[in-house]
Amino acid sequence: MPLLLLLLVLLLPAAPEATPSALLGINYGRVGNNLPPTTSALQLLAGLGVGRVRLYDADPATLRSFANTGVELVVGVPDECLAAVSTPSGASSWVHSVIQPALPATKIAVLTVGNEVLTGANSSALSPSLLPAMQCIHDALAQLGLDRQVAVTTAHNLGVLATSYPPSSAYFRKDLLPVLCPILDFHARTGSPFLVNAYPYFAYAEDPAGVELEYALLEPGHGGVPDPSSGLRYPNMLVAQVDAVYHAIAAANRAAARAVEVRVSETGWPSAGDGNETGATPRNAARYNGNVMRLVGEGKGTPLRPDGPLRVYMFALFNENMKPGPSSERNYGLFKPDGTPVYELAYRLPKDNATTSSGAGGAGSITGGGPQSNGYYSISASSAKANMVRSLPFAFSMLCIDSFLN
């Protein structure tokens, strides 16, 4: 490691230790050619007080950057790697070459095998490899005695549901049941969570006349929407989406429903979009993301599962300028690539996510913290730019088994 980079890492503010009760995480996507180095991302994370991060690939250099930081990682096995790791030998080689060397310095808690595989553009080609890849990677971890330390799962789009409203009527698409039912058995057997990427924004953008904006934005003053079958009242759309998944799991596999926890692996709201992307504004993004953090900070569950706290990963740390699709796809970040906030945001962090007062301030012009602030932090778009470490444009790349073995 170059001396300058080593010194920068040593000078970073200490990130909070992720504990089992730390409920809030953030997605660190890197699909951009203008993003700062990971050392700068670590500064922002430390200032935010976020102790959990989701990565979409297993780039060894990035994993090393998180070593000895206390940040707990969800690490992605990219879709392109599924076929390679769906055999015992391929999975074993991948785990030995990529995951084992990073441990224990880098805290890897979860491996997500693919992202939205069952509903993506290449679902017909990738779906047959999904469960074998999950099983083989889990077995490879077990051979090393790491299966209790590192869970194996995958992240689903809400498109796996045939219907989601009202939540009690939700069920999975029938064409996906032959794949989803064995996956649920896998989760129940290994104790791994069912991950879902849940975006109330999409529901509102598709039907702004039929979906109340305040309900989609999780505004605490909204009266809520009743579920006539269950008698439960849903104060916001996010918890309704999560409970819809719980109901779908119960309809597909009642035994798994008693053991499997649903976690939100992605949620967010874009701050900008094309002319036809209703609701994609900085104000709405600030309201939604602040309300998500407030909801998580309360430590409550959903109406159907009130005793288990809701665990959420926010999307995303940065705006990513190379993501394909409509403009909104490139505008989900809390921060611009230069480290300045995209919009003003005030939120309450969960207790175990909060930094001390000495960790507040600094990167990202994050202020607050300490005993006098009651745990509130603010990101001000009008603040001065962060003191970010500059680097040459970073080209995002997926790491697959052929590249790390050669």
Side-chain angles (χ1 to χ4, degrees), residues 14-30 38 41-58 62-63 65-67 69-77 102 106-113 115-116 149-156 192-199 218 238-239 241-242 261-269 285 288-302 308-318 320 332-335 345 347-355 359 363-364 366 375 377 379:
E17 194 81 2
T19 70
S21 58
L23 308 176
L24 180 68
I26 195 163
N27 289 269
Y28 177 23
R30 296 178 292 122
T38 305
L42 283 167
Q43 286 183 300
L44 294 178
L45 291 166
L48 286 170
V50 173
R52 292 185 171 186
V53 171
R54 181 186 175 198
L55 303 173
Y56 289 86
D57 65 275
T62 303
L63 296 183
S65 296
F66 281 93
T69 63
V71 174
E72 184 180 276
L73 297 181
V74 174
V75 175
V77 182
T106 300
K107 296 180 65 174
I108 300 174
V110 180
L111 295 178
T112 53
V113 181
N115 185 52
E116 301 185 352
Q149 177 181 343
V150 183
V152 177
T153 183
T154 187
H156 301 282
S192 58
F194 188 99
L195 302 185
V196 60
N197 299 337
Y199 287 88
L218 323 186
L238 182 62
V239 293
Q241 290 177 335
V242 172
E261 178 189 0
V262 176
R263 298 182 184 178
V264 179
S265 43
E266 287 183 19
T267 194
W269 195 286
Y288 181 80
N289 288 327
N291 285 331
V292 168
M293 294 177 184
R294 172 193 56 79
L295 182 67
V296 172
E298 292 174 350
K300 298 178 181 178
T302 66
L310 185 63
R311 300 175 187 272
V312 175
Y313 282 79
M314 299 294 305
F315 189 87
L317 187 60
F318 292 112
E320 301 169 71
Y332 275 90
L334 295 179
F335 294 96
L345 172 66
Y347 60 92
R348 180 186 292 274
L349 290 169
K351 181 179 179 181
D352 286 314
N353 287 96
T355 57
I366 299 163
Y377 289 74
I379 301 176

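All values below come from the heavy atoms of this structure, side chains included, with hydrogens, waters and symmetry mates left out. Bear in mind that the values here come from a model prediction, so they are computed numbers and not experimental data.
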Beyond-backbone contact of [X] with [Y], side-chain heavy atoms, under 4.5 angstrom:
{"X": "Tyr288", "Y": "Leu238", "answer": "yes"}
{"X": "Leu295", "Y": "Val312", "answer": "no"}
{"X": "Thr106", "Y": "Val75", "answer": "no"}
{"X": "Thr153", "Y": "Phe194", "answer": "no"}
{"X": "Thr112", "Y": "Tyr56", "answer": "no"}
{"X": "Leu63", "Y": "Leu55", "answer": "yes"}
{"X": "Trp269", "Y": "Val292", "answer": "no"}

Output all residues satisfying side chain to side chain donor-acceptor pair (under 3.5 Å) with [X], sequence neighbours left out; order by chain, then residue number.
{"X": "Thr302", "answer": "Asp243"}
{"X": "Glu320", "answer": "none"}
{"X": "Gln149", "answer": "none"}
{"X": "Tyr199", "answer": "Glu266"}

Mind checking salt bridge (Lys or Arg N to Asp or Glu O under 4.0 Å) for Glu261 and listing every partner two or more places apart, or none if nothing turns up?
Arg263, Arg311
Could you work out, with side chain to side chain contact (heavy atoms under 4.5 Å, CB included) as the rule, every residue matching Val196, not counting sequence neighbours?
Leu158, Val245, Val262
Contacts of Ser265 meeting side chain to side chain contact (heavy atoms under 4.5 Å, CB included) (sequence neighbours excluded), chain-then-number -> Arg54, Ala155, Leu195, Asn197
Point-to-point distance, once rounded to the nearest 0.5 Å, from CZ of Arg30 to OG1 of Thr62:
3.5 Å
Out of curiosity, Arg52 CZ to Leu23 CG, how far, rounded to the nearest 0.5 Å?
7.5 Å
Is there a donor-acceptor pair under 3.5 Å between the side chain of Asn27 and the backbone N or O of Met314?
yes
Residues in ring pair (Phe, Tyr, Trp, His ring centres under 6.0 Å) with Phe315, at least two apart?
Tyr332
Locate the shortest heavy-atom distance separating [X] from [Y]; write the atom from each residue and the value.
{"X": "Val50", "Y": "Leu24", "value": "CG1-O, 4.0 Å"}
{"X": "Ile108", "Y": "Val150", "value": "O-CG2, 3.3 Å"}
{"X": "Ala41", "Y": "Leu317", "value": "CB-CD2, 3.9 Å"}

